[in-house]
Structure formats: structure tokens, C-alpha cells
Amino acid sequence: MSSGDGKTKNHNTLSHPALEEFAMLTNKIIKTSRTLKVFALAGIASAVSMSVQAEQWRGWNIHPPSYPNSMALESFAEEVAENTDGRIEPKVYHNGVLGAQPDAIEQTRNGALNFANFNMGPMGPIVPATNILSLPFIFQSPDDMYRVMDGDIGERFAEALEEKNLVALSWFGSGARSLYNTDHPVTTPGDVEGLKVRVMNNDLYVQMIDELGGNATPMAYSEVYQSLKTGVIDGAENNYPSFESSGHYEVAKYYSLTEHLILPECLCVAKSSWDELSEQDQGIVREAAQNAAVEQRRLWEERAETSRQRVLDDGVEINEVTDKSAFQAEMQPIYDDFVASHPDLEALVEDVQAAQE
């Protein structure tokens with residue numbers, strides 16, 4: 001159709017106000033889309049940043065959550081997470097759910113676990129120097145052990161552990177280990193003769209019981225209760241808290257204070273995990289470990305007394321061993337054999353002994 005001025009008019013063409021409104025709407029959609037993209041990218045970047053910064057650490061522990069060591073490890077984890085602003089988030093797995101200690105040692109050495117609380121007893125096959133700490137009666141008291149391990153001598157043991165990819169940051173206590181059994185009190189070495197006694201997996205402990213005339217039986221800690229109950233073994237050796245928390249006191253009613261082993265324990269970090277930390281974070285983790293050791297030692301003393309009273313109330317007969325020298329004399333072949341097999345460690349044995357004189 002022609003207009004009066006002779007120009008063709010298209011009725012489908014939008015008027016100027018409509019064009020402006022459409023343009024404004026289009027701009028809003030574009031801006032909104034851009035904004036959403038920015039937020040989405042920011043969210044992705046934030047998630048990536050968090051995943052890079054927050055490193056999850058898995059920690060091994062053989063004890064139940066209420067145990068002194070367990071509570072100290074939880075404090076360690078909390079302090080590290082807080083003071084690194086979440087860059088490291090340790091989580092402790094209690095009750096040995098990640099495996100027995102020999103397996104956990106290997107997992108920590110190869111970095112599959114990041115940290116752990118290890119008793120030095122089963123460490124001997126991997127770090128020979130730590131066998132010194134398993135020599136019967138090498139320490140005269142728990143206080144002597146702390147003094148030795150907190151000083152230069154403890155650093156020498158830490159260096160030996162680090163050579164096997166374990167960084168020892170602090171030393172926990174585990175009291176004094178004594179003999180207990182289902183049959184009779186032990187007051188002299190002759191009272192051990194013929195007893196089947198569970199020991200940790202270390203040749204030194206096997207030799208210790210053998211020298212006393214008993215039959216040493218290495219076995220997993222988790223198997224001891226049933227073995228005592230069924231007569232597979234007659235006894236075992238451990239400290240008050242473990243004797244009580246394991247329930248062994250329910251079936252082994254004779255606890256004799258031989259105090260033959262006073263074993264330190266380490267709060268150890270996998271060397272691979274340690275080396276990945278900045279110098280600042282290494283300082284934070286080390287300080288948290290040392291604070292955990294202070295807490296563990298305090299809690300240990302409290303728990304040891306509580307456990308002693310609990311087993312007494314349940315009818316356990318506790319007897320002092322007034323003459324430990326008779327037991328110590330029986331251990332001399334162990335020292336002689338150890339030095340003969342490890343002449344390079346003789347000086348360290350002598351230094352540990354001299355530090356307590």
C-alpha cells in the first residue's frame with residue numbers, strides 16, 4: 001500500500017519507543033548473564049582455592065577416644081587447624097581402625113597416613129636405634145625418661161626416625177609396664193617360669209620373657225583379651241591405663257609391679273607431609289605437638305591413678321616387687337647380645353644410662 005507521500009510503510013516495523021524498550025531489556029539480559037558468569041567463575045575459583053589451601057591430614061591412634069593420648073591428639077588436631085587458618089585439617093582415627101601399629105608405621109612412612117602416635121616398642125624392627133628404649137630397665141622412672149627424651153639424646157632418636165621418613169615432633173609417656181597374669185603374683189623371676197606371656201612384636205621382649213623362664217607369645221593387642229579368657233596365654237604386660245581400658249583386668253587378676261619397661265611414644269608426622277609445609281606451618285605443627293605432649297603427660301598421671309583404683313575395686317591383687325635387682329640381673333644377656341649385634345649403638349646405650357646417674 002502506498003502512503004500519501006509516495007513512500008512504502010511497513011506496519012511490522014516497531015516504533016521508536018518500542019525499540020528503545022527492547023534494547024533496554026536486551027541490555028539487562030546481557031548484563032545479568034555476565035553477572036551470573038562472574039559469580040559462577042568466582043565460586044569455582046573460591047572452591048579451587050579452598051581445595052588447594054585446606055589439606056586433610058589423617059592420623060592413626062590405637063587407643064579409644066577417652067584415652068589420654070587420644071584427647072591429646074584431638075587437641076593437637078584442633079590447634080593445628082586453628083593456627084593454620086584451616087590450611088591443614090587433621091582428623092584422628094581412634095581404636096586402630098586404620099590398621100595395627102606395624103601397618104600404620106609403614107603407611108605413615110610412605111605418606112598414606114599423615115601423622116600418628118606410635119609406641120617405640122614395635123618401632124625397633126624398622127629403626128634399630130629405638131630398640132635401646134626397649135631394653136628392660138633402661139629407664140629408672142618415667143621422670144627420667146622424660147628428661148632424657150626431651151634433651152639432646154631425644155634428638156638423636158628423632159634423627160634416626162627421620163632417616164626412616166618419620167618426623168618425631170614430641171614424646172608422649174606410657175607409664176611403666178608391668179606383668180599381669182591369671183594365675184599368681186610375680187615377686188621373683190622364678191614366678192614367671194612356665195607362663196605364656198603376650199608381648200609386643202619385638203625380639204627384645206621375646207628374649208626378656210625367655211630369660212625369665214616364661215614363654216613369650218607375640219600377638220596383636222586386639223587378640224589379648226580373648227586369649228587370656230580362653231587360656232591361650234596366661235598373662236601379658238602393660239601399664240595401668242591399658243590394663244584397665246582393655247578389660248584385661250576382668251580375667252587377669254594378678255598385677256605385679258615389675259616396671260620393666262618405661263617406653264616413650266612419639267607424635268610423628270610423615271616426612272613427605274612435613275616437607276610440603278611452609279616454614280611457618282612447620283613451626284605451628286611442632287608447637288601444637290609439644291603442647292599435646294604436655295597435656296598427654298598430665299592426663300596420663302590422672303588416668304593412671306583412676307585406672308589403678310578401678311582395677312583394685314574390681315578385685316585385682318596388686319603387689320610391689322621389692323627387689324627389682326633380681327630381675328635386672330636376668331636381663332644382662334639381653335644387653336650383651338644387643339651391644340654385640342649393634343656395636344654402633346653402644347655409646348648411645350651408655351649415654352642414656354649416664355644421663356640418669
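All residue numbers refer to positions in the sequence shown, counting from 1.
- Looking at residues two or more places apart in sequence or on another chain, you find a salt bridge (Lys or Arg N to Asp or Glu O under 4.0 Å) between Lys253 and Asp314.
- A 4.5 Å side-chain heavy-atom check between Phe115 and Val167 finds every atom pair outside the cut-off.
- Using modelled atom types and a 3.5 Å distance limit, the side chains of Asn61 and Ser70 yield a donor-acceptor pair.
- The hydrophobic cluster containing Phe76 does not contain Met71, counting ILVMFWY residues as joined when their side-chain heavy atoms lie under 4.5 angstrom apart, directly or transitively.
- When only modelled atom types and interatomic distance are considered, Asn319 and Ser256 share a side-chain donor-acceptor pair under 3.5 Å.
- Annotation: the span from Leu179 atom CG to Asn238 atom CG amounts to 10.5 Å, rounded to 0.5 Å.
- The shortest distance between side-chain heavy atoms of Val186 and Glu237 does not fall below 4.5 Å.
- A donor-acceptor pair under 3.5 Å is formed between the side chain of Gln296 and the backbone N or O of Gly173.
- Contact annotation: the side chain of Arg198 never approaches that of Glu223 to less than 4.5 Å [non-hydrogen atoms, C-beta and beyond].
- Note that CD1 of Ile262 is 16.0 Å distant from CE of Met120, once rounded to the nearest 0.5 Å.
- When the salt bridge (Lys or Arg N to Asp or Glu O under 4.0 Å) test is applied to Asp351, the partners found at least two apart in sequence or on another chain are Arg156.
- Taking the six-membered ring for Trp and the full ring otherwise, the centers of Tyr240 and Tyr255 sit less than 6.0 Å from each other.
- Shown are Asp144, Asp150, Asp143; of these, the salt bridge (Lys or Arg N to Asp or Glu O under 4.0 Å) with Arg147 is made only by Asp144.
- Contact record, Val349 with Leu135: CG2-CD1, 4.2 Å, taken as the closest heavy-atom pair.
- The closest side-chain donor-acceptor pair between Gln101 and Asn119, if any, does not fall under 3.5 angstrom.
- Side-chain contact between Asp313 and Gln309 is present, with at least one heavy-atom pair separated by less than 4.5 Å.
- Residue pairs meeting the disulfide bond (SG atoms under 2.5 Å apart) criterion with at least one partner in residues 161-202, sequence neighbours excluded, are absent.
- Partners of Tyr146 according to the side-chain hydrogen bond (donor to acceptor under 3.5 Å, both in side chains) rule, which considers only residues two or more places apart in sequence or in another chain, do not exist here.
- Within the 3.5 Å criterion, the main-chain N or O of His94 finds no donor-acceptor partner in the side chain of His63.
- When atom types are taken as modelled, the side chain of Arg58 and the backbone of Ala112 share a donor-acceptor pair closer than 3.5 angstrom.
- For Gln107 (side chain) and Gly99 (main-chain N/O), no donor-acceptor pair under 3.5 Å exists by modelled atom type.
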Let me have the donor-acceptor pairs involving side chains of residues 121-131, under 3.5 Å, with sequence neighbours excluded, atom names and distances please.
residue: Thr130; atom: OG1; partner: Val127; partner atom: O; Å: 2.6
residue: Asn131; atom: OD1; partner: Asn202; partner atom: ND2; Å: 2.9

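- Side-chain atoms of Thr217 do not come within 3.5 Å of backbone N or O of Lys196 as any donor-acceptor pair.
- Between Arg303 and Glu244 there is a salt bridge, since a side-chain N of the basic residue sits under 4.0 Å from a carboxylate O of the acidic one.
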Between side-chain atoms of residues 324-334 and protein atoms elsewhere (two or more places apart, or another chain), which donor-acceptor pairs fall under 3.5 Å?
residue: Lys324; atom: NZ; partner: Glu259; partner atom: OE1; Å: 3.4
residue: Ser325; atom: OG; partner: Asp323; partner atom: OD1; Å: 2.3
residue: Gln332; atom: NE2; partner: Asp336; partner atom: OD1; Å: 3.0

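- Distance check, rounded to the nearest 0.5 Å: CZ of Phe137 to CE of Met208 gives 8.5 Å.
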